[in-house]
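Notes follow once the structure below has been shown.
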Amino acid sequence: MINYNELTVPQATIIQKELKDTVKITPYNGPLNYVAGADISFNKFSTTVYAGIVMMEFPSMKPVGYSLVKKEVLFPYVPGFLAFREVPALLDAWAQLPLKPDILVVDGHGIAHPRRMGIASHFGVLAQQPSIGSAKKKLFGMYEEPGMEKGSYTPLTDKQRQQLGNVLRSKSNVKPVFVSPGHLIDVPGSTEILMQCIKGYRLPEPTRLAHNAVNQFRTGIVPEGWTSL
DNA sequence: GCGACAG
DNA sequence: ATCTTGTCGC
């Protein structure tokens, strides 16, 4: 694999355009007994990132364990190129998993990206893993505000009206979340599965718990490695 | 030129 | 993303 730490943004753009053709948006019909959430944490101004993947049963959303790993990252945060900062560390955490989930939920967008290559799609292609992107803010596309009631959602599209995902009200009277397929799944499927991952909070359990885990890891509350719960 | 801009 | 206290509303 290429060393992302030595890439320039123009070079990263070329890589995204090449990987774009390998992303497969199709209905997911495989088993659905385990889902996992992936996220990254870091101290401001530091080049050390703390990556984590939390494994959980589906649809109970009971966590069964988590993989935590630390890594040095030099590629800067540039909107549209998040994958070049976080994917390498996430792949290390992924390799450390004793079992792989049926679906992986990544904190960020899937195909709802300028070149259809958000972090969820990027990771999905490299790991050859069905993935869903779940973001807290829009990066690309247009949409109408969904109803204020939990469960309401509207399509997120490009200017040609091609649907890239959905804007979902995961909790009543709270800002919506942006869902889009990453790889080996489609828009309806990613939206349906993500809705089942919501358990009373604005953010779906996979990324919510992954976020908590990487922060505890960063602050030294929990150790690096795989931990069974 | 101006506004937008995942984490 | 991270830092960080109080405050508003269900």
Side-chain angles (χ1 to χ4, degrees), chain A residues 4-5 9 12-13 15-16 19-20 23 37-54 68-91 93 104-125 131-143 145 147-150 156-159 164-183 190 194 200-204 206-221:
Chain A
Y4 288 174
N5 280 332
V9 170
T13 303
I15 292 177
Q16 291 184 326
L19 290 179
K20 174 184 178 182
V23 175
D39 193 20
I40 292 285
S41 178
F42 57 86
N43 289 310
K44 200 172 183 179
F45 305 131
S46 170
T47 56
T48 301
V49 299
Y50 301 80
I53 295 178
V54 177
L68 301 171
V69 67
K70 187 169 61 175
K71 196 180 186 69
E72 291 304 302
V73 176
L74 300 182
F75 197 93
Y77 167 67
V78 179
F81 299 88
L82 177 64
F84 294 88
R85 249 183 88 69
E86 309 192 343
V87 165
L90 288 179
L91 284 174
L104 175 70
V105 180
V106 182
D107 187 17
H109 296 281
I111 61 172
H113 177 281
R115 289 167 293 286
R116 311 295 183 274
M117 278 304 299
I119 187 171
S121 297
H122 198 125
F123 183 95
V125 166
S131 60
I132 296 173
S134 175
K136 298 177 287 299
K137 300 176 183 175
K138 183 193 76 170
L139 167 65
F140 178 82
M142 33 196 290
Y143 68 97
E145 191 71 14
M148 292 304 284
E149 192 74 354
K150 174 183 178 180
L156 176 62
T157 73
D158 61 18
K159 286 191 174 181
L164 304 174
N166 279 310
V167 182
L168 171 68
R169 191 76 66 184
S170 52
K171 183 175 182 179
S172 296
N173 307 311
V174 167
K175 297 203 307 178
V177 293
F178 300 76
V179 198
S180 61
H183 186 47
S190 56
L194 199 79
Y201 294 87
R202 179 200 175 209
L203 302 181
T207 54
R208 192 177 73 80
L209 296 186
H211 188 269
N212 291 338
V214 292
N215 277 320
Q216 297 199 328
F217 174 34
R218 178 172 60 81
T219 54
I221 299 176

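Numbers restart at 1 for each chain; the letters A, B, ... are given by sequence-line order, proteins then strands.
Side chain of A:Ser131 to backbone of A:His183: a donor-acceptor contact under 3.5 angstrom is found.
Within 4.0 Å of A:Gly133, counting heavy atoms only, lies no atom of the nucleic acid at all. In this structure, A:Phe178 reaches neither bases nor backbone, as no heavy-atom distance under 4.0 Å exists between it and the strands shown.
Put simply, A:Ser41 has a side-chain N or O that comes within less than 4.0 Å of OP1 or OP2 on C:dT2. When the side-chain nitrogen and oxygen atoms of A:Arg218 are compared with OP1 and OP2 of C:dC3, one or more of them lie within a distance under 4.0 Å.
Of the listed nucleotides (B:dA6, B:dG7, C:dT2), B:dA6 has the atom at the smallest distance from the side chain of A:His113. Nearest to the side chain of A:His211, among C:dT2, B:dA6, B:dG7, sits C:dT2. With distances taken from any side-chain atom of A:Lys44 to the nucleotides B:dC5, C:dA1, B:dA6, the minimum falls on C:dA1. Considering only the side chain of A:Asp39, B:dG7 comes nearest among B:dC5, C:dT2, B:dG7.
Rounding to whole angstrom units, NZ of residue A:Lys136 and P of C:dT2 are separated by 9 Å. Residue A:Asn43 contributes atom CG, which lies 11 Å from atom P of C:dT4 at whole-angstrom precision. Rounded to whole Å, atom P of B:dC5 lies 8 Å from atom OH of A:Tyr143. The distance from atom CG of A:Asn215 to atom P of C:dT4 is 13 Å, rounded to the nearest whole Å. Atom NZ in A:Lys171 sits roughly 13 Å away from atom P in C:dC10 (whole-Å rounding). Note: CG (A:Asp107) to P (B:dG7) measures 6 Å, nearest angstrom. Whole-Å rounding puts the A:Leu82 CG to B:dG7 P distance at 8 Å. Taking atom CE of A:Met117 as the reference point, atom P of B:dG7 lies 17 Å away to the nearest angstrom.
Using bins of under 30°, 30° to 60° and over 60° for the plane-to-plane angle, the ring pair A:Phe75/A:Phe81 lands in the tilted bin.
When each of A:Lys137 and A:Asn173 is assigned the nucleotide of DNA chain C bearing its nearest heavy atom, the one mapping closer to the 5' terminus is A:Lys137.
With centroids closer than 5.5 Å and planes inclined by less than 30 degrees as the test, A:Tyr77 and the base of B:dG7 pass as a stacked pair.
Looking at every heavy atom in both residues, A:Leu164 comes nearest to A:Ser180 through O-CB, 3.3 Å.
Here A:Arg169 contributes atom CZ and A:Glu149 contributes atom CD; the two are 10.0 Å apart, rounded to the nearest 0.5 Å.
Under the 4.5 Å side-chain criterion, counting only non-hydrogen atoms from C-beta, A:Tyr4 is not in contact with A:Val73.
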